[in-house]
Amino acid sequence: MAYVNKVFLIGRLGKDPIFTNENKIASFSLATSQNYKDKNTGEKKESTEWHNIVCYNESLVNNVIKPYIKKGSLIYLEGPLRTRKWVDKENNDRYTTEVILKSLQMLDTKDKITNNNYNQDTIKNTINPIEQIIDDEIPF
């Protein structure tokens, strides 16, 4: 039997990424929102979920996340879920569930990307090299 552990999210960063281990690891929170209509009042409402994201890919951290991703950036990401155990200051076991970032695409508008001086060639090759390979293999 095959198993799948993959998360797909589109959302905005809640704060600037935090870099640790000499800028080899990046972590940030991502907000995803869902609109719905309240059954009792008929009002439109919004529900927001927060996701912890961690990236261990040093190339992605230094070539894309560090120079271009900041609070408010709209991104699409993929990666597996992982729950890790840690011990707090009072020696209690704690658990954190996070998405391990494997693929990322920036979704900000072209004007915003241009204003932030994004280098599109570097980003395309670093963020989604699989997309480039697939495009090269399509015979039409």
Side-chain angles (χ1 to χ4, degrees):
M1 171 178 269
Y3 298 98
V4 176
N5 178 3
K6 193 164 195 176
V7 175
F8 304 90
L9 297 172
I10 296 176
R12 292 197 181 273
L13 271 68
K15 59 182 177 181
D16 288 339
I18 297 169
F19 301 96
T20 56
N21 199 13
E22 298 175 4
N23 293 325
K24 294 179 182 176
I25 300 171
S27 59
F28 54 89
S29 58
L30 189 77
T32 58
S33 297
Q34 179 179 355
N35 295 318
Y36 65 95
K37 191 180 231 182
D38 187 295
K39 290 181 182 179
N40 297 326
T41 65
E43 290 181 53
K44 289 184 178 181
K45 295 196 173 189
E46 182 177 73
S47 173
T48 301
E49 288 290 326
W50 289 92
H51 311 275
N52 297 318
I53 314 298
V54 180
C55 181
Y56 296 101
N57 179 326
E58 191 174 345
S59 177
L60 191 57
V61 169
N62 288 310
N63 294 323
V64 180
I65 296 173
K66 192 170 184 186
Y68 303 117
I69 305 299
K70 61 184 179 192
K71 178 181 178 178
S73 293
L74 180 64
I75 63 171
Y76 164 84
L77 63 82
E78 297 177 18
L81 272 181
R82 179 188 70 185
T83 300
R84 63 180 172 87
K85 180 180 172 182
W86 53 282
V87 179
D88 68 11
K89 292 177 183 176
E90 288 81 40
N91 213 22
N92 297 315
D93 288 344
R94 306 291 237 157
Y95 297 87
T96 300
T97 300
E98 23 191 45
V99 177
I100 307 303
L101 184 65
K102 297 295 182 188
S103 178
L104 159 69
Q105 288 186 330
M106 294 180 294
L107 300 177
D108 286 320
T109 63
K110 188 174 182 179
D111 290 339
K112 189 170 184 179
I113 290 170
T114 303
N115 291 339
N116 287 329
N117 298 317
Y118 291 122
N119 179 335
Q120 290 300 313
D121 292 331
T122 300
I123 293 167
K124 183 175 181 183
N125 293 334
T126 305
I127 293 176
N128 204 352
I130 293 172
E131 183 178 273
Q132 185 176 4
I133 293 167
I134 292 171
D135 285 345
D136 291 343
E137 293 177 0
I138 297 173
F140 48 88

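Computed from a predicted structure; not experimentally measured. Atoms considered below: every heavy atom in the structure, side chains included; atoms not considered: hydrogens, waters and symmetry mates.
The closest side-chain heavy-atom distance from N52 to V99 is not below 4.5 Å. In this structure the side chain of T96 never reaches within 4.5 angstrom of the side chain of T83, judged on heavy atoms.
Of the possible donor and acceptor atoms, none in the side chain of D108 sits under 3.5 Å from a partner among the backbone N and O of S73. Between the N92 side chain and the D88 main chain, no donor and acceptor come within less than 3.5 Å of each other. Judged purely by atom type and a 3.5 angstrom limit, D16 has no side-chain atom pairing as donor or acceptor with the backbone of K70. Between the R12 side chain and the G72 main chain, a donor and an acceptor come within less than 3.5 Å of each other.
Smallest separation of non-hydrogen atoms from P17 and I65: CG-CG2, 3.8 Å. Smallest separation of non-hydrogen atoms from C55 and L60: SG-CD2, 3.8 Å. Listed here is the closest heavy atom pair of Y76 and F8: OH-CD2, 3.1 Å. When all heavy atoms are compared, the tightest approach of Y68 to M106 is CB-SD, 3.9 Å. When all heavy atoms are compared, the tightest approach of L101 to L77 is CD1-CB, 3.4 Å. For W50 against G14, the heavy-atom pair with the smallest separation is CZ3-CA, 3.4 Å.
For R84, the CZ atom counts as densely surrounded, since its 6.0 Å shell holds more than 12 non-hydrogen atoms of other residues, nucleotides or ligands.
Between the NZ atom in K71 and the NZ atom in K15 there is a gap of 10.0 Å [rounded to 0.5 Å].
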Side-chain donor-acceptor pairs of residues 42-49 under 3.5 Å, sequence neighbours excluded:
unit_1	atom_1	unit_2	atom_2	d
K45	NZ	D38	OD2	3.4
T48	OG1	S33	OG	3.1

Kindly determine whether I10 and I75 satisfy side chain to side chain contact (heavy atoms under 4.5 Å, CB included), including the steps that lead there.
CA-CA 6 Å; I10 296 176; I75 63 171; over 6 Å; no
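Remark: of the listed residues Q105, K6, K102, K6 is the sole one forming a side-chain hydrogen bond (donor to acceptor under 3.5 Å, both in side chains) with E78.
Hydrophobic clustering places L9 together with L81 (ILVMFWY residues linked when any side-chain heavy atoms are closer than 4.5 Å, directly or through intermediates).
Applying the 4.5 Å side-chain rule to ILVMFWY residues, one finds I25, V54, I100 in the same cluster as Y56.
Within the structure, side chain to side chain donor-acceptor pair (under 3.5 Å) pairs that include any residue of residues 17-32 comprise T32-H51 (at least two apart or interchain).
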